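Convention: sequence-line order gives letters A, B, ...; per-chain numbering from 1. These figures come from a predicted structure and were not determined experimentally. Because only heavy atoms are used, hydrogens play no part in the values below, and waters and symmetry mates are left out as well, while side chains stay in.
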There are 2 protein chains.
Amino acid sequence: MIEHHRQHVLQAQFEQACREKGFKMTQQRLEIFRELAAASDHPAAETIHRRLLPKLPTLSLDTVYRTLSTFEHHGLITKVDTTESQARFEAAGEEHHHLICRKCGRITDFYWQRFDETALPPDIDRWGRVSKKNVTLYGICKECEESGGRR
Amino acid sequence: MIEHHRQHVLQAQFEQACREKGFKMTQQRLEIFRELAAASDHPAAETIHRRLLPKLPTLSLDTVYRTLSTFEHHGLITKVDTTESQARFEAAGEEHHHLICRKCGRITDFYWQRFDETALPPDIDRWGRVSKKNVTLYGICKECEESGGRR
DNA sequence: TATCTAAATAATAATTATTATCGTTTATGA
DNA sequence: TCATAAACGATAATAATTATTATTTAGATA
Ligand SMILES: [Mn+2]
Ligand SMILES: [Mn+2]
Ligand SMILES: [Zn+2]
Ligand SMILES: [Zn+2]
């Protein structure tokens with residue numbers, strides 16, 4: 001099936017990345033990467049750990065943290081800007097931005113090409129060199145507006 | 001002097017806010033608020049505590065945390081979006097945005113009226129109601145570029 | 001394919017950031 | 001001044017993350 005094929009391609013790409021970056025391709029790393037590539041909800045380390053336990057029953061939470069840290073340092077994934085205490089992660093991909101619901105805490109992607117193409121205010125140059133620009137919108141999502149909210 | 005007068009006005013405004021919100025005006029709260037209103041570096045709770053100890057030697061770190069939480073719930077201050085583990089705070093003021101240096105970690109304000117006035121992408125409406133929009137720019141500041149960095 | 005070794009893992013302990021508990025102090029209103 | 005609920009400080013507890021270490025394993029080599 002298509003899904004099956006996609007998995008295969010993803011795995012090949014990941015193996016390639018490991019070879020390039022010079023780190024070992026382990027089952028744990030592959031599954032953590034897969035999980036993050038498939039997720040759209042910017043999971044925390046604990047969430048990833050919980051989701052993978054059925055498939056990798058011996059996986060330690062520490063390994064999840066270590067692996068996420070490794071991936072981040074090599075640019076395969078990024079941490080999301082939040083005001084929460086738990087770090088939230090996502091696979092590095094196309095430039096995009098985030099909507100955060102103040103009630104349920106869900107973090108949703110959105111794309112905004114007009115913004116991506118807009119030049120920064122000129123005085124930014126005096127500050128230094130900018131390499132990434134993020135927009136975060138806070139508000140209340142439709143689901144929470146209608147019901148009374150908490151995830 | 002002018003500085004002295006400003007302090008006085010600030011204190012009056014703060015006392016007013018306490019009365020309105022219905023919470024007690026204590027020395028601790030006043031000093032924490034003052035410190036945050038004067039700071040431009042988005043200090044963490046511990047930083048505020050350290051700065052106030054000379055003036056309030058019995059101030060507990062716990063009180064700083066509790067007070068910041070109170071202020072935040074009443075909209076007097078806000079947490080800053082970061083990927084750090086420590087929460088960083090600022091007094092609520094004019095709409096503005098942040099530059100974060102990847103090397104030294106300093107968070108600098110910048111203003112961008114063009115952005116503030118720009119309409120959001122239309123499909124955002126389907127998500128819900130947005131009440132705040134933040135831009136965060138990541139990069140390397142001039143100081144770090146020139147020297148070798150770390151705060 | 002069997003062997004070797006540095007890197008990675010899991011278990012555990014430690015650290016860091018934040019919040020809760022509780023007895024004492026204090027701001028505020030009668 | 002007095003009463004009282006709110007806030008404080010000391011301390012303990014919890015939550016999130018990182019360090020330590022003995023064991024396992026990916027990947028290189030013979
Ligand atoms: Mn995202
Ligand atoms: Mn700011
Ligand atoms: Zn919501
Ligand atoms: Zn810097």
Side-chain angles (χ1 to χ4, degrees), chain A residues 11-12 14-33 35 42-50 52-74 76-89 105, chain B residues 11-12 14-33 35 42-50 52-74 76-89 105:
Chain A
Q11 171 154 355
F14 182 70
E15 284 179 26
Q16 173 66 13
C18 287
R19 248 174 282 122
E20 273 171 20
K21 310 285 184 181
F23 51 70
K24 292 184 178 176
M25 214 291 290
T26 67
Q27 188 65 19
Q28 291 88 334
R29 283 174 171 175
L30 175 60
E31 292 302 338
I32 291 168
F33 183 78
E35 184 57 44
H42 312 86
E46 279 204 41
T47 309
I48 296 171
H49 183 241
R50 179 164 24 81
L52 291 179
L53 270 185
K55 194 162 190 181
L56 301 175
T58 68
L59 179 69
S60 76
L61 179 56
D62 175 68
T63 293
V64 176
Y65 274 110
R66 240 183 314 101
T67 302
L68 289 172
S69 183
T70 303
F71 288 173
E72 201 201 353
H73 283 111
H74 287 83
L76 270 62
I77 68 172
T78 57
K79 272 189 191 171
V80 179
D81 281 338
T82 67
T83 61
E84 293 181 63
S85 50
Q86 272 190 318
R88 309 267 304 249
F89 300 86
Chain B
Q11 173 156 354
F14 182 69
E15 284 178 26
Q16 173 65 13
C18 288
R19 247 174 282 122
E20 274 173 18
K21 312 284 185 181
F23 52 69
K24 293 185 177 174
M25 215 291 290
T26 67
Q27 189 66 18
Q28 291 90 334
R29 282 173 172 176
L30 175 60
E31 292 302 338
I32 291 168
F33 183 77
E35 184 58 42
H42 312 84
E46 278 204 42
T47 309
I48 296 170
H49 183 242
R50 179 164 25 80
L52 291 178
L53 271 185
K55 195 163 191 182
L56 301 174
T58 67
L59 178 69
S60 76
L61 178 57
D62 176 68
T63 293
V64 176
Y65 273 110
R66 242 182 312 103
T67 302
L68 289 172
S69 182
T70 303
F71 288 173
E72 201 202 352
H73 283 110
H74 288 83
L76 269 62
I77 68 172
T78 56
K79 273 189 188 169
V80 179
D81 280 339
T82 67
T83 60
E84 293 182 61
S85 49
Q86 273 189 316
R88 309 269 301 251
F89 300 86

Side-chain contact, heavy-atom cut-off 4.5 Å: A/Lys21 with A/Leu76?
yes
Under 4.0 Å from OP1 or OP2 of C/dA10: is there any side-chain N or O of A/Thr58 that close?
yes
Assign B/Ala87 to base, sugar-phosphate, or nothing according to its heavy-atom contacts below 4.0 angstrom with the strands shown.
sugar-phosphate
If we count only N and O atoms by modelled type, under 3.5 Å, do the side chains of B/Thr63 and B/Arg66 hold a donor and an acceptor together?
yes
Phosphate contact (C/dA10 OP1 or OP2) by A/Thr63 side-chain N/O below 4.0 Å:
yes
Nearest heavy-atom approach of B/Arg29 to B/Phe14 is O-CZ, 3.7 Å
Member of A/His49, A/Gln28, A/Arg50 meeting the side chain to side chain contact (heavy atoms under 4.5 Å, CB included) criterion with A/Val64
A/His49
Which of D/dT17, D/dA7, D/dG9 is nearest the side chain of B/Lys24? It is D/dA7
Spacing between A/Leu59 atom CG and D/dT24 atom C1', to the nearest angstrom
15 Å
Between B/Thr70 and B/Ser85, who's closer to the 5' end of DNA chain D by nearest nucleotide?
B/Thr70
CZ of B/Arg88 versus P of C/dA17: gap in Å, rounded?
12 Å
Within-4.5 Å side-chain heavy-atom neighbours: B/Phe89 and B/Lys79:
yes
Strictly below 4.0 Å: does A/Tyr65 bring a side-chain N or O up to OP1 or OP2 of D/dT18?
no
A/Thr67 pairs by side chain to side chain contact (heavy atoms under 4.5 Å, CB included) with which of A/Leu30, A/Ile32, A/Ile48, A/Asp62?
A/Ile32
Answer yes or no: does a side-chain N or O of B/Gln86 lie under 4.0 Å from OP1 or OP2 of D/dA16?
no
Reckon B/Ala44 touches a base, only the sugar-phosphate, or nothing at all at heavy-atom distances under 4.0 Å?
nothing
Between P of D/dA16 and CZ of A/Arg50, the distance in whole Å
12 Å
Over how many whole Å does the gap from A/His73 atom NE2 to D/dT18 atom C1' extend?
12 Å
Considering only heavy side-chain atoms of A/Met25, the closest of D/dA7, D/dC8, D/dG27 is D/dG27
If you take atom types as modelled and just measure distance, does the side chain of B/Arg66 reach the base of D/dG9 with a donor-acceptor pair under 3.5 Å?
yes
Between C/dA11, C/dT18, C/dA17, which nucleotide gets closest to the side-chain atoms of B/Glu46?
C/dA17
Separation of atom CG in A/Leu61 from atom C1' in D/dT17, rounded to whole Å:
9 Å
Given atom CZ of B/Phe33 and atom C1' of D/dA7, what is their separation to the nearest angstrom?
19 Å
When the distance from CG of A/Leu68 to P of C/dA8 is rounded to whole Å, what number comes out?
15 Å
Interatomic distance, A/Asp62 CG vs C/dA7 C1' [rounded to whole Å]:
14 Å
Presence of A/Gln27 side-chain N/O under 4.0 Å of D/dA26 phosphate oxygens OP1/OP2:
no
A/Thr26 side chain N/O closer than 4.0 Å to the phosphate oxygens (OP1, OP2) of C/dT9?
yes
First of B/Arg29 and A/Phe23 reached from the 5' end of DNA chain D, by closest nucleotide
B/Arg29
